[in-house]
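In what follows, a structure is listed as structure tokens, so that the remarks can point back to it.
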Amino acid sequence: MLPHHPPTLRLHTAGEKPLQNRIQELLEQALATLRQRGDLPPEAAAEIQVERPREEGRGDFATNLAMRLAKPAGRAPQEVAREIIETLPEAPEIADVEVAGPGFINFRLAEAVFQAVVGEVLTAGPAFGHSGVGAGTRIQLEFVSANPTGPLHVGHGRGAALGDALARIMTAAGFDVEREYYVNDAGRQMDILVASVMSRYRRHLRLSEKGFSEDDFPERGYQGSYIGEIASCVRESFGNQLDFEPTGLTDPDDPEEAIDLLIRRIREQIGEEHFSEVKGVALRFILEEIRADLDAFGITFDHWTHEREVVAEGAVDRALERLRGSGSLYEAEGATWFRATEFGDEKDRVVLRSDGAATYFANDIAYHGLKYERGFAHLIDVWGADHHGYVPRLKGAVEALGLDPHCLEVLLVQFANLYRGPEKVPMSTRSGQYVTLRELVEEVGRDAARFFYVLRRPDQHMDFDLELAKQDTEDNPVYYIHYAHVRIRSIHAKLSERGEPVPSSKDLAGADTSLLREEKEGRLLRELQRFPETVEGAALAREPHRVARYLQDLATEFHGFYNAHRVLGVEPELQRARLGLVEAVRQVLANGLELLGVAAPERM
RNA sequence: GCCCCGGUAGCUCAGCGGAUAGAGCAACGGCCUCCUAAGCCGUAGGUCGCAGGUUCGAGUCCUGCCCGGGGCGCCA
């Protein structure tokens, strides 16, 4: 018979794998005894690894300890395993221990250990799965940080979904996370943006003129429809006083030279002040769009840093002075270089161009210096994988500033290739040919989009088939999880339909869960027990996909249970226990979805 | 040429040095007088890119090669 009251055991306490730790303790005691008795040489030591066997029927936990000790002990692993088992202290949590295969020790735990998790979940509620492993460490998580030259597209979506889920998961794990967005509003691409807007503006003014040619739009300009909208804004504010004549525009063969020439012409003709004002209009317009798109995607930031402000407050000059002071800069070919090769980079990098302008890299050094000054214990940057070559030089510069490069962690997110059926959708910001994040959310829904993005490992290339997601949304895995949540809600609804009161979580926490003895109930309980360590693992490994996978597994176990057993209409005590079980499942589904920024619907 | 990330079932992908490599789609066969069948059960599907090496044990670690993506600017 199983005990009605579970042994006192700490579950899901801060930053722990309580069951594994308990088994580890018992094993340590056994080893100590064996050493004392001289059955094990004192120098025979091995890390005690307690894992969950992949295969069913091999118990709840297993250790390879005997195999690791076999060599130093000079005996067969199975023999060592038997000795360990014989020496293992009695413990109420352990129902059965056996030697298996090449020398594994398999543990089967008392059902009561898992039955206790229902009460744990219902008592903790939304906090179940939270832990203190992060110990309040201040983390800054910078993600998205898309250039303000156009709307967010589906490529940004992945970094957005990943970064936000990671922020939520790390917060649950006890880290103090600040979400940061860096606005690159100081570089040449902003000038190109102005040139694009002004070209569109000029077209608006002259469209009615005879002989007006439309094909003088710069080849390297940004071409999305939003450029026209910004041009309209500019026209509203300035009328036609910013007209200009792009003479000589078509002369250079090189489109890069052509756009630079155009920028110069516009600057000369409308004046630096107006140029800057147009830039401000464009920037505000686009940032507003980005903010709205992120909002629709369920993402908000705690802090926005503008590159222009970093420059304006003199941080770049200070950072470069500091580098110069430490001998990390030198002059060559008219430019100023950072000795990146001394910090493991492939080549030295320019920080001040021969025309005196600071490079993006220089600004980024200053920006990261400021981040360190803001007092974070750890910085995480989420970047697109195309920036990977940039990592060594930035870490090198941080080190050259006298800061600890280990506090800077860069997560590289691989691209998401978009498909419409079998055809790959070509994407280019400048040509304006892309699917925006907003369009994606409108087409497949916010929950499906976010879940899909976060289902893949960040360093895995992913294919996102729009056609499939649009045509057949039922195939989307998020519905499977949603359905599990809805089914539990509908059990509650049915209960009140029958005129029975729906017990609160608090009531159900006291249910006699020792009645949950069906195989499928045991599987569900084990799945629930795994949630806190899943969250912790996802936080420490920076891998939100673990939470997504976990939710799929939990939903699978729930649906299996639901189809095999009835919750309502069984004996009152069993009904109460099962209501507690499914409510615990619902709570964990809701908690897990919350960590991914996905809703948990009441009905479908 | 050098560097980074991948290559696992027809497709999309999991897999912490461990035992007989998994899931979801797609395919095939079953299951609703009963809490939502957006579900469940079953069948089939694999030389884990190739070749060596380390290990008691390799999809997992090391080396080389092949294929795909990305990066190697006084661009951002």
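Here is the naming used below: chain letters follow the sequence lines, and residue numbers restart at 1 for every chain. For the numbers below, each heavy atom of this structure counts, side chains included, while hydrogens, waters and symmetry mates do not.
Under the rule for a side-chain contact (heavy atoms from CB on, under 4.5 Å), Arg603(A) has no partner lying at least two apart in sequence or in another chain. Under the side-chain contact (heavy atoms from CB on, under 4.5 Å) criterion, Val316(A) pairs with Val310(A), Val311(A), Leu320(A), Ala358(A), Ala362(A), Asn363(A), Ala366(A), not counting sequence neighbours. Residues passing the salt bridge (Lys or Arg N to Asp or Glu O under 4.0 Å) test with Arg308(A), sequence neighbours excluded: none. Under the ring-ring contact (aromatic ring centres under 6.0 Å, His included) criterion, Phe531(A) pairs with Tyr550(A), sequence neighbours left out. Applying the ring-ring contact (aromatic ring centres under 6.0 Å, His included) test to His559(A) and every residue at least two apart in sequence or in another chain returns Tyr480(A), Tyr483(A). Every residue meeting the side-chain contact (heavy atoms from CB on, under 4.5 Å) condition with Gln552(A), not counting sequence neighbours, appears here in chain and number order: Phe451(A), Leu455(A), Pro477(A), Ile481(A), Arg549(A). Listed by chain and number, the residues in a ring-ring contact (aromatic ring centres under 6.0 Å, His included) with His565(A) are Phe561(A) (sequence neighbours excluded). Checked against ring-ring contact (aromatic ring centres under 6.0 Å, His included), Tyr181(A) has the following partners two or more places apart in sequence or in another chain: Phe301(A), Trp304(A). Contacts of Arg339(A) classified as side-chain contact (heavy atoms from CB on, under 4.5 Å), with partners at least two apart in sequence or in another chain: Tyr330(A), Glu342(A), Asp348(A).
Looking at RNA chain B, the stems built from 3 or more consecutive Watson-Crick or G-U wobble pairs, each pair with its key distances under 3.5 Å, are B:1-7 with B:66-72, B:10-13 with B:22-25, B:27-31 with B:39-43, B:49-53 with B:61-65.
Across the protein-nucleic acid pair, Glu527(A) atom CD and A23(B) atom P stand 13 Å apart, rounded to whole Å. One interatomic measurement links the two molecules: NE2 of His559(A) to P of C40(B), which rounds to 6 Å at whole-angstrom precision. Whole-Å rounding puts the Arg603(A) CZ to A38(B) P distance at 17 Å.
Residue contacts shown for Ala62(A) include a base, since a base heavy atom lies under 4.0 Å away. Across all strands shown, Arg566(A) has heavy atoms under 4.0 Å from base atoms, whether or not it also approaches the sugar-phosphate. Arg457(A) comes within 4.0 angstrom of the backbone, heavy atoms only, and of no base. Ala541(A) comes within 4.0 angstrom of nothing in the nucleic acid, heavy atoms only. Residue contacts for Val582(A): at a heavy-atom cut-off of 4.0 Å it reaches no nucleic acid atom on any strand shown. Residue Phe361(A) is out of contact with every strand shown, counting any heavy-atom pair closer than 4.0 Å. Among the protein residues, His485(A) comes within range of no part of the nucleic acid, since none of its heavy atoms lies under 4.0 Å from any strand.
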Review point. How does protein reach along nucleotides 67-74 of chain B, written 5' to 3' as B (base within reach of a heavy atom under 4.0 Å), S (only sugar-phosphate), or - (no contact)?
Key: -BBBSSSB
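Two residues, Leu455(A) and Leu412(A), neighbour RNA chain B, and the one matched to the more 5' nucleotide by heavy-atom proximity is Leu412(A).
Between Glu180(A) and Lys371(A), none of the side-chain N atoms (NZ, or NE/NH1/NH2) sits under 4.0 Å from a carboxylate O, so this pair counts as no salt bridge.
Below the 3.5 angstrom threshold, one finds a donor paired with an acceptor across the side chain of Asn106(A) and the base of A19(B).
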For nucleotides 55-61 of chain B, give me every protein contact, N/O to N/O, under 3.5 Å, one pair per line with atom names.
| residue | atom | partner | partner atom | Å |
| --- | --- | --- | --- | --- |
| C56(B) | OP1 | Lys71(A) | NZ | 2.5 |
| G59(B) | O6 | Arg54(A) | NH1 | 3.2 |

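For Tyr480(A), counting side-chain heavy atoms from C-beta on, the closest listed nucleotide (C40(B), C13(B), C35(B)) is C40(B).
Under the 4.5 Å side-chain criterion, counting only non-hydrogen atoms from C-beta, Arg52(A) is not in contact with Arg526(A).
Using a 5.5 Å limit on the distance between ring centres and a 30° limit on the angle between planes, the aromatic ring of Phe104(A) counts as stacked on the six-membered base ring of A19(B).
A donor-acceptor pair shorter than 3.5 Å can be found between the side chains of Asp507(A) and Ser504(A).
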